[in-house]
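For reference, the structure is listed below as structure tokens.
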Amino acid sequence: MAKINIVEAVNSALAQEMEKDNDVIVMGEDVGVNGGVFRATDNLQKKFGPNRVIDTPLSEEGIVGTAIGMAAYGLKPVAEIQFSGFLFAAFDQLFSHAARIRWRSSNRYHVPLVVRTPGGGGVRAFELHCECPESYFAHMPGIKVVCPSTPYDTKGLLISAIRDPDPVIFLEPMRIYRAIKEEVPEKEYTIPLGKAKIAREGNDVTLVTYGAMAKYVLQAAEKIQDKVDAEVIDLRTIYPFDSEAIINSVKKTGRAVIVHEAPKTSGFGAEIIATINEKALLSLEAPIVRVTGYDTVLPMAKLENYHIPSEERIIKGISKVMSF
Amino acid sequence: MARKIIEKFEIEYLQVLGEDGRCDEKLMPKLSDEQIKKLYETMVLARTFDDKAFSMQRQGRIGTYIQAKGQEASQIGAIFAIEDKDWLFPMYRSIAALIARKQPMHKVLQYFGGDIKGLESPKEVNNFPISIPVGTQTLHAVGAAWAAKLKKDKNVSLAFVGEGGTSKADFLTGMNFAGVFQVPAVLICENNQYAISVPRKIQTYAETFAQKAIAFGFKGIQVDGNDVFAVYKVVKEAVDNARSGKGPTFIECYTYRLADHSTSDDALKYREKKEVEEWQKKEPIERLEKYMRSKKLLDDAYKEKTAKEAKEKVEKEVEIYEKLPMPNKEDTFKNMFEEMPFQLKEQYEEFMKNG
């Protein structure tokens, strides 16, 4: 088994699925000759040719809109949107079409489409290159949303997303694209969409997170392990999401902290809290704490670290819920 | 160094059948007498349905309805040029096209009556659900055509868009993708002169809509959209080209919306009655009748028979529609995904319990 990072895990999943199924194609800006600006599609065009790894004109709605037509026809396109801040140009195509073609056609057509895009801040990227759009899509009936956090999960989840018969937004954690290397099986494997991972077992508090934040939440949990025995739930997918894993953990710990980069109000944390309230309210020993981005735009490089939940803020959140 | 003309373009216009019903035989497409009669009968059927659906809306028997009145030649002429295996990407006004493309009329009523099942395509053809957002279907047509090309199928995509739709980014980017990847798509703009109340002059400063294709590197042509022979001829050429690997075509059908935008609209607010009356004279069905009469393909008896049969067919379909059961309340849940995700399943179970 080779040690690879998240970008390489994406590449490996794409290559294996393309090898296995001729209907799988990759399309997007710079994905061909250049191998993607993050190199996630590196060498794929060489291997599979320009008809299966397609450099498109610079138009996000064009990429997603044509991919919808291709998917309905019978291909399985994996479209790359270079940065998630540019995905909004394709919002109408996703909301009005991809998400509901199965329903509108009474099951005659369906859209096995994956839209891959890097999300989240922390890499001193340019404006609108580091957005957290997951909740918009989790709120969009007909769309699944995947937010992997490790190389192993990335590969297994991406293969599941490609094989899924319905549209999936695959939000890759840009900040940790190359920050984690781990052993990933060379052969194919899948991780089911909708199943969370207990990234760390513990008894005192449940930390719920997903995507790039998982790494920092785990670090925070390790750092305070002498004082607090924290359980970390990495959701992996936020629609559907593994409410059972959250509830079981909260019933055990009685306390919860939710961590995400996206703005607080109407962020996915609100949905998690509502779920806990519905199903485990009486197990709670303290009000749930959210450690999130603020209801502001994500500032540029010089100020972004004030906004993205840091290890320090996560630890403060844990202390607050523990000292109630 | 130089300053010179490096490209020049021309836009062709085609009319085969004049407003007076006289036809330029040299331009006439290859159509048998039987095919001409079939075109005529389908146009009469679509018009009869349109009138009926309009009155049913007024009586509260269906919801909002979008009339295709006056655009039968553009829509039906085009449909006659494609095959069952081709893919149709209609918009909300493409009702005459759908009727010509085997969509049962009771299904059209079912949709406008408030049941999504009406959009379901008959098995033998590939009719996409009509697009409600304007112009977005262009991209789906181009994507499907592209997929057909990549899979080496000989299938063609045909999409309809209004002249208002040509202002949308999705239309323009669709045209661009169609050109760049030389996909087998035929994109038809029904220029019916109005986008609800906004006249075509406000959609573009360009002399024609057809010329928009030039910017994307492929052929654009304008036809008299009320001349079913011209529409058929141009679309057939475009479909043949697409099928044989010669790429896309953009066709502007110059026509007129004889009805209001929808049953919720009153067009007299923004256009003169006189203008509508002038266009009524150029109307596609009467023009075809004049031609057929001159060719002895139509006499009073055949005309009456056609009208009577159309009426009977429509009434029969209305009857089927009105006997349709309520849609199953669980269908909405069931058709969102192939397999209901956990959250949805939980809601579904609660819904079924509580009603």
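Within every chain, numbering begins at 1; the chains are lettered A, B, ... in the order of the sequence lines, protein sequences first and strands thereafter. What's counted below: heavy atoms across the whole structure, side chains too, no hydrogens, waters or symmetry copies.
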Please report the C-alpha distance between A:E244 and B:F342 in whole Å, then the side-chain angles of each, then the deciding distance to 0.1 Å, and finally whether the side-chain contact (heavy atoms from CB on, under 4.5 Å) criterion is met.
CA-CA 10 Å; A:E244 202 186 337; B:F342 174 74; 5.6 Å; no
Tell me, with the steps shown, if A:R52 and B:L150 meet side-chain contact (heavy atoms from CB on, under 4.5 Å).
CA-CA 8 Å; A:R52 292 189 65 202; B:L150 292 172; over 6 Å; no
Stepwise, does the side-chain contact (heavy atoms from CB on, under 4.5 Å) test hold for A:M27 with B:W146?
CA-CA 12 Å; A:M27 61 196 291; B:W146 195 359; 3.8 Å; yes
Determine, step by step, whether A:Y239 and B:L344 satisfy the side-chain contact (heavy atoms from CB on, under 4.5 Å) criterion, reporting the C-alpha distance in whole Å, the side-chain angles of both residues, the deciding distance to 0.1 Å, and the verdict.
CA-CA 10 Å; A:Y239 198 90; B:L344 184 59; 3.8 Å; yes
Output, in order, the C-alpha distance, side-chain angles, deciding distance and verdict of salt bridge (Lys or Arg N to Asp or Glu O under 4.0 Å) for A:E61 and B:K168.
CA-CA 11 Å; A:E61 68 271 34; B:K168 291 283 293 264; over 6 Å; no
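Contact annotation for A:P57: both backbone and side-chain heavy atoms come within less than 4.5 Å of a heavy atom of chain B. Looking at B:F128, the atoms closer than 4.5 Å to chain A (heavy atoms on both sides) sit in the backbone and in the side chain alike. Of the atoms belonging to A:A99, it is backbone heavy atoms, and not side-chain ones, that fall under 4.5 Å from chain B. For A:D92, the part sitting under 4.5 Å from any heavy atom of chain B is the side chain, from C-beta outward, and nothing else. Contacts of A:T275 with chain B are absent, with no heavy-atom separation under 4.5 Å from either backbone or side chain. Looking at B:A141, there are no atoms closer than 4.5 Å to chain A (heavy atoms on both sides), in backbone or side chain. Using a 4.5 Å cut-off between heavy atoms, B:P122 contacts chain A through its backbone alone, with no side-chain atom that close. Both the backbone and the side chain of A:A72 come within contact range of chain B, with heavy atoms under 4.5 Å apart. With a threshold of 4.5 angstrom between heavy atoms, B:S157 does not approach chain A through any atom at all. Interface remark: A:I143 contributes backbone atoms only to the contact with chain B (heavy atom separation under 4.5 Å).
Surrounding CZ of B:F112 are more than 12 heavy atoms belonging to other residues, nucleotides or ligands, all under 6.0 Å away. Within 6.0 Å of the CZ atom in A:F95, the count of heavy atoms belonging to other residues, nucleotides or ligands does not exceed 12. Within a 6.0 Å radius of NZ in B:K85, other residues, nucleotides and ligands contribute more than 12 heavy atoms. A:K279 NZ: more than 12 foreign heavy atoms inside a 6.0 Å radius. For CD of B:E339, the number of neighbouring non-hydrogen atoms (other residues, nucleotides, ligands) closer than 6.0 Å is 12 at most.
Of all non-hydrogen atoms in A:G62 and B:L139, the two that sit nearest each other are CA-CD2, 3.7 Å. Nearest heavy atom pair, residue B:F337 against residue A:D166, reads CA-OD2, 3.3 Å. Counting all heavy atoms, side chain and backbone alike, A:S243 lies closest to B:Q343 at OG-NE2, 3.8 Å. Residue B:N127 comes nearest to A:Y109 through the heavy atom pair O-OH, 3.1 Å, listed as atom of the first residue, atom of the second, then distance.
Counting heavy-atom pairs closer than 4.5 Å to chain A, the top-ranked of the candidates B:P129, B:P341, B:G118 is B:P129. When each of B:D153, B:V142, B:V183 is scored by its heavy-atom pairs under 4.5 Å with chain A, the top score falls to B:D153. Heavy-atom pairs under 4.5 Å with chain B were tallied for A:I63, A:V64, A:I25; the largest tally goes to A:I63.
In this structure, the side chain of B:E120 does not engage the main chain of A:R108 through any donor-acceptor pair within 3.5 Å. The closest donor-acceptor contact from the side chain of A:R104 to the backbone of B:I130 lies under 3.5 Å. When atom types are taken as modelled, the side chain of A:N107 and the backbone of B:N335 share no donor-acceptor pair closer than 3.5 angstrom.
Separating the CG atom in B:N126 from the OH atom in A:Y73 is a distance of 8.0 Å, to the nearest 0.5 Å. Between the CG atom in B:D331 and the OG atom in A:S106 there is a gap of 7.5 Å [rounded to 0.5 Å].
In this structure, the side chains of A:N22 and B:K151 stay at 4.5 Å or more apart for every pair of heavy atoms. Looking at A:S96 and B:T136, their side chains never come closer than 4.5 Å, going by heavy atoms from C-beta outward. At a threshold of 4.5 Å between non-hydrogen side-chain atoms, the residues A:T66 and B:F181 do not count as touching.
Ring geometry for B:H140 versus A:H97: interplanar angle over 60°, hence perpendicular rather than tilted (30 to 60°).
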